[in-house]
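Numbers restart at 1 for each chain; the letters A, B, ... are given by sequence-line order, proteins then strands. Values below: every heavy atom of this structure, side chains too, minus hydrogens, waters and symmetry copies.
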Amino acid sequence: MPMVTKKMVAMLLAGGQGTRLGVLTDRTAKPAVPFGGKYRIIDFPLSNCVNSDIDTVGVLTQYSPLELNAYLGNGSAWDLDRNSGGVYVLPPYVSGSRGKWYSGTANAIYQNLAFLRQYSPKYVLILSGDHIYKMNYAAMLRCHIEKQADATIAVLQVPMEEAHRFGIMQTDDAGMITAFWEKPKNPVSNNASMGIYIFSFDVLEKYLTEDEKNDSSSHDFGKDIIPKLLSDGKRLAAYGFNGYWKDVGTVKSLWEANMDLIDNPSALDLNDSEWRIYSRSPIMPAHYIGADAHAENSIVSEGCEIYGCIERSVLFTGVRVGRNAVIENSVVMPGARIGEGAVIRKAILGENACVAPGAQIGIEPDGTNAYDTTLTGDITLVASGARIAECAMIPAGMVVSK
Amino acid sequence: MNEKAFGLIYTGESNNQLRDITYSRSIAAVPFGGRYRCIDFILSNLVNTGVTNVGVIAQRNYHSLMDHLGSGKEWDLHRKRDGLFILPPFLTRDNTGLYRGTVDAIRSVMGYVRRSAQRYVILTGSHTIYNCTYDAMLKSHIESGADVTIMYSEEKDWGDAVRYDDLRLTLGEGGRITDLEIDPYRPKTPYRCCDAYIMEKSMLEYLIEDAAVHAYTDFMRDVLVRNVSKLKLNGYRYDGYVARLDSVPSYFKHNMDLFNEAVRADLFNADHPIYTKVKDEAPTRYGADAKVKNSLLADGCIVEGSVENCILFRGVHVGQGTSLKNCIVMQASEIRENCALDYVILDKGVQVRPGRHLAGYEGFPVTIRKGALV
């Protein structure tokens with residue numbers, strides 16, 4: 001069947017397991033992790049696509065895709081249910097006698113070249129599903145075309161001490177990339193790659209095919225493809241971005257990004273009608289704040305019933321907070337139940353977690369029993385569907401599994 | 001699932017008692033409960049019953065209604081087979097496009113009725129709000145062998161409220177209706193029609209044609225009341241919460257009823273969700289100085305002042321130092337800093353300038369028209 005040609009097709013890498021999010025990604029792929037009261041992480045890149053007039057998006061999944069698949073559905077929540085194009089979930093598949101799991105970001109795209117060829121795109125946008133930001137990819141494409149680049153990388157200035165966690169690049173006066181190091185020990189600049197690439201499709205096709213044949217390659221864009229393009233003298237442009245951008249790959253950064261919405265709402269304006277962030281809305285009534293309740297400095301979504309006190313917290317859809325309960329500095333994901341008189345401080349509660357009356361979460365540890373806080377620091381983490389017993393005392397930084 | 005019935009919703013009710021709230025829209029499109037329109041409840045009831053074929057008879061100011069309903073996607077009524085049909089007035093040689101009443105209106109959509117394959121029709125108005133499926137009512141209708149079954153509820157305290165299309169049922173043995181009165185000065189019975197009727201499609205066709213040839217115009221008055229002894233009319237009792245939006249005070253009261261947990265549990269029953277148009281607003285944000293008590297708020301609000309006993313629809317801004325008490329504020333209205341509002345209904349997109357004071361009374365809330373600048 002002949003397909004309508006698309007100028008640019010987006011490929012969203014959503015296969016990450018997100019191990020640093022601990023129990024939050026036990027049964028969910030990272031892009032499906034809830035964020036900001038009613039969203040999931042993937043809503044941000046998807047909404048950016050739609051708002052940038054990109055109507056064809058492949059979502060590459062591999063790890064625990066069930067929830068993500070169900071969430072995406074036919075894409076209608078993002079206006080991506082189209083006659084031609086729309087959103088496609090692209091899991092690894094077997095073809096003939098061949099077929100294997102995605103073995104790297106570049107390999108994942110390589111395995112889906114047939115999907116891309118259907119649309120004969122001139123450009124391909126590569127995105128990852130673990131960042132919170134609003135960005136106009138159409139403007140990035142204009143930059144790519146103006147600079148006659150073979151590939152364009154979105155670049156953000158990060159604090160120098162963080163630079164070693166990113167792909168770091170050096171650019172000339174014309175904004176062309178002259179050198180690139182993936183996660184360097186001693187970074188020479190703080191121009192960090194955001195993991196967002198635009199490739200001219202013919203270049204992408206050629207390099208992915210060559211990279212696939214190279215057994216010593218790890219099939220990764222940052223480690224293999226970009227350095228190879230540079231050493232071949234291809235034109236690589238940097239597209240500067242200076243808005244809000246947050247990697248929410250760790251418990252701490254996920255918590256911080258949620259708090260940013262409260263502390264500095266204008267940094268990532270979610271009320272901007274010109275750049276809406278779309279999401280699949282659950283069918284719930286307006287939220288109710290009780291006669292003896294208190295809510296300040298917080299974000300509350302539809303379907304909540306709040307009879308207690310909430311301060312500097314993000315409450316997702318359908319959360320119920322009992323009388324005299326106190327929630328501070330916390331993120332409470334959809335459907336969680338907080339019993340009467342429970343106290344929750346600096347915690348992330350997973351979906352449908354249930355805290356019985358009188359329980360206390362995030363109390364000062366008394367040092368009697370040791371537990372691992374490498375993933376959590378001082379943030380207490382309660383898994384989706386976990387139940388906290390009546391009057392239980394959960395010390396700060398502990399992880400409560402289901 | 002119920003594939004035996006189709007729904008027909010009449011939205012042409014004219015009611016001046018709702019004053020400015022219906023200035024720019026039909027009653028069906030009146031906002032209710034923070035994020036809904038009246039018609040969402042009836043439509044969701046039909047969909048939750050398993051009805052997949054729904055006709056909406058539009059008449060008055062139906063632009064707002066059509067905008068809200070769209071293709072019917074939000075109610076799962078965007079279908080290849082059947083689905084949602086919006087039926088606006090039109091002009092032909094024997095149709096003036098102006099309905100003189102419900103009989104006229106239904107007669108003009110007979111083409112749709114005839115094409116509907118289902119045996120039964122669930123006919124409703126649009127200004128009565130409740131959450132129930134029609135399964136039990138349909139079953140009762142079939143078992144009783146009635147010509148028309150009328151849903152009613154018991155209204156315990158009707159005081160001296162303004163009456164509008166207040167159809168009172170006198171019930172005899174086995175739920176048989178022995179008398180019907182419209183807007184009686186002193187109602188004989190507490191049994192009040194809920195604006196929902198079930199009958200066979202062929203019965204509706206017959207009743208409408210019979211009324212038309214006698215130049216009758218009103219379904220309630222001319223078809224039901226006139227024929228109470230000739231037809232077998234049965235009552236079907238509904239015991240859940242019913243809100244009839246027949247005047248500004250009743251509109252106000254029924255919104256305020258939502259502060260009662262039992263009413264919310266009934267009307268927003270999670271097993272029978274009420275669907276509405278999705279707006280993709282961000283969640284509501286409370287500022288550092290926000291105070292909020294006993295209030296219902298939809299998404300997209302920014303609250304920096306104090307809010308008590310209020311219903312805030314989507315995207316409402318409440319400025320710093322502002323106090324809202326006993327107010328209903330519709331979508332995208334903005335109340336700037338240091339205002340004080342008590343017993344006020346702000347329609348959509350109203351701007352209240354800093355420092356303004358407005359106050360009404362419980363029995364007479366001030367209503368501010370859509371888009372006004374105060």
Does [atom1] in [X] sit with more than 12 non-hydrogen atoms of other residues, nucleotides or ligands closer than 6.0 Å?
X: A/Asp81; atom1: CG; value: yes
X: A/Asn264; atom1: CG; value: yes
X: A/Arg276; atom1: CZ; value: yes
X: A/Arg323; atom1: CZ; value: no
X: A/Arg82; atom1: CZ; value: yes
X: A/Glu256; atom1: CD; value: yes
X: A/Asn74; atom1: CG; value: yes
X: B/Lys277; atom1: NZ; value: yes

Contact between [X] and [Y] at the side-chain level, heavy atoms closer than 4.5 Å - yes or no?
X: B/Ile302; Y: A/Asn271; value: yes
X: A/Tyr288; Y: B/Asn294; value: yes
X: B/Lys73; Y: A/Ser76; value: yes
X: A/Phe316; Y: B/Pro283; value: no
X: B/Arg285; Y: A/Pro265; value: yes

Do you know which of [options] has the most heavy-atom pairs under 4.5 Å to chain A?
options: B/Glu308, B/Glu261, B/Glu74, B/Lys291; result: B/Glu261
options: B/Ile311, B/Leu297, B/Val292; result: B/Leu297
options: B/Ala270, B/Pro273, B/Gly34, B/Gly287; result: B/Gly287
options: B/Arg264, B/Glu281, B/Lys279, B/Lys293; result: B/Arg264
options: B/Phe259, B/Phe313, B/Tyr275; result: B/Phe259

**Study point:** Nearest heavy-atom neighbours spanning A/Tyr39 and B/Ala282
**Key:**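 That closest heavy-atom pairing would be OH-CA, 3.2 Å.
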Please identify, among [options], the residue contributing the most non-hydrogen atom pairs under 4.5 Å to chain B.
options: A/Asn297, A/Leu261, A/Leu315, A/Ile299; answer: A/Asn297
options: A/Lys38, A/Glu302, A/Glu305; answer: A/Glu302
options: A/Leu270, A/Val300, A/Ile262; answer: A/Val300

Point to revise | Interatomic spacing from CH2 in B/Trp75 to CD1 in A/Ile283 - rounded to 0.5 Å | key: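 One gets 10.0 Å once the value is rounded to the nearest 0.5 Å.
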Review point. A/Arg312 side chain to B/Ala288 main-chain N or O, any donor-acceptor pair under 3.5 Å?
Key: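 No, A/Arg312 side chain to B/Ala288 backbone: no donor-acceptor pair under 3.5 Å.
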Exercise for review: Go through the steps to decide whether A/Tyr278 and B/Val278 satisfy the test side-chain contact (heavy atoms from CB on, under 4.5 Å), and finish with yes or no.
Suggested key: CA-CA 10 Å; A/Tyr278 300 97; B/Val278 172; over 6 Å; no
At a 4.5 Å cut-off on heavy atoms, which part of [X] comes close to chain B: side chain, backbone, both, or neither?
X: A/Ala295; result: both
X: A/Ile289; result: both
X: A/Ser301; result: both

Review point. What do the steps show when you test A/His287 against B/Thr284 for side-chain contact (heavy atoms from CB on, under 4.5 Å), and what is the final call?
Key: CA-CA 9 Å; A/His287 74 259; B/Thr284 282; 3.8 Å; yes
